[in-house]
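As structure tokens, the structure follows; a few thoughts come after it.
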Amino acid sequence: MKKERIIKALSSRTADRIAKAVIWLGVAVIGLVVLHYGRRILVCDHVIARGPSMTPTLVSGQSMWVRKYLMGPRIFTRFNFEEGEPLHCFRLPGLRRLRAGDIAVFNGPDGWEHFDTVTFQINNVYAKRCLGAAGDTVGARNAHYYSSGADPTGIPLEREAELRAMSDAETADLCGYEAGYFAREHRNWTIRDFGPLVVPARGMTVRLDSVGVRHYAKAICYETGFRPEWTRGQAWLEGRQVEEYTFRKDWCFFVGDNVLDSRDSRYLGFVPEEFVMGII
């Protein structure tokens, strides 16, 4: 009998130890999962560059870390990302704002069906250089970008002669894109020569003449849900005449270092700053 009691006691202790080990293992696994996704959400995330748009700075297949803590991580307040749903999030405090010259990863602002709208798409991301942050003035001359917020960038000098010899149609065919959003809206602009163009900033007021409507209609439509129109020599918004508009959000202008082959803000238009995931 005594021997049986000893065996039962040992079995009970072993079972307790196994149970405690399982509990601690479960806690450790949960902790690792929380740390992993907490790091991805709050600190940094891993992405892979795709395509030639940022060569030679970034090459297709290159691994990158997106630092979310610099601008402050986005916290989604709604996770319904079906077609046509707007972005619902707020940004935690960060170390600094996005600046011209930064390479950032952002959600593409492409409309689901209409390219003249801005729509959030959770799985459609780009890695580009910020040519202009909110309030900066940007443009390009002979395929060399300029910005009031950063040093000019552009194509390698050895490709200048090649690009200048091409017509705008040939350049568009080479890229496989349309002539460009701002080039379509402004008859004197091309994807190689455009500007000066002011990037919208929160609190900035623009005059809505025929030029202002062409440049900022897409951004205004995203902020208000109504697209401004230029009719009978007057700007119209939400069914009423307007002469100016004050922006409610900060916007950015992104470009690829490979000017000859980059689908960027020249084609997509301005990008809401809230679409930016983080800085590389």
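Please read all numbers here as calculations on a predicted model, not as lab measurements.
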Of all the heavy-atom pairs spanning Ala140 and Tyr146, show the shortest one and how long it is. N-CE2, 3.4 Å
Indicate yes or no: at least one non-hydrogen side-chain atom of Val118 is less than 4.5 angstrom from one of Phe275. yes
Spacing of NZ belonging to Lys128 relative to CG belonging to Leu58, to within rounding of 0.5 Å: 10.0 Å
Over 12 non-hydrogen atoms of neighbours within 6.0 angstrom of CD in Glu238: yes
Run the salt-bridge test on Arg129 and Asp264 with the 4.0 Å N-O cut-off and return the result as yes or no. no
Compare every heavy atom of Leu208 with every heavy atom of Ala235, then report the nearest pair and how far apart it is. CB-O, 3.3 Å
Ring centres under 6.0 angstrom apart (Phe247, Tyr216): yes
How close do Trp236 and Thr231 get, counting heavy atoms only, and between which atoms? NE1-O, 3.3 Å
Can the ring centres of Tyr126 and Phe254 be said to be less than 6.0 Å apart? no
Parallel, tilted or perpendicular: rings of Phe120 and Phe76 (30°, 60°): tilted
Residues Glu274, Lys249: salt bridge by 4.0 Å N-O rule: yes
Sidechain N-carboxylate O distance under 4.0 Å for Arg97, Glu273: yes
So if you build clusters from Ile, Leu, Val, Met, Phe, Trp, Tyr with side-chain heavy-atom gaps below 4.5 Å, do Ile103 and Met71 land together? no
Is it true that Met64 and Val59 fall in one hydrophobic cluster, defined by side-chain heavy atoms closer than 4.5 Å? no
Decide yes or no for Ser53 and Arg263: does some side-chain heavy atom of the first lie under 4.5 Å from some side-chain heavy atom of the second? no
If two hydrophobic side chains count as joined below 4.5 Å and joins carry through other members, does Leu70 share a cluster with Met277? no
Test item: Cys44 and Val66 side chains (from C-beta on) under 4.5 Å apart, heavy atoms: no
With heavy-atom distances below 4.5 Å as the criterion, would you say the side chains of Arg91 and Val276 are in contact? yes
Do Tyr245 and Thr224 have side chains that get closer than 4.5 Å, going by heavy atoms? yes
Less than 4.0 angstrom from a charged side-chain N to a carboxylate O is my criterion; do Asp209 and Arg214 meet it? no
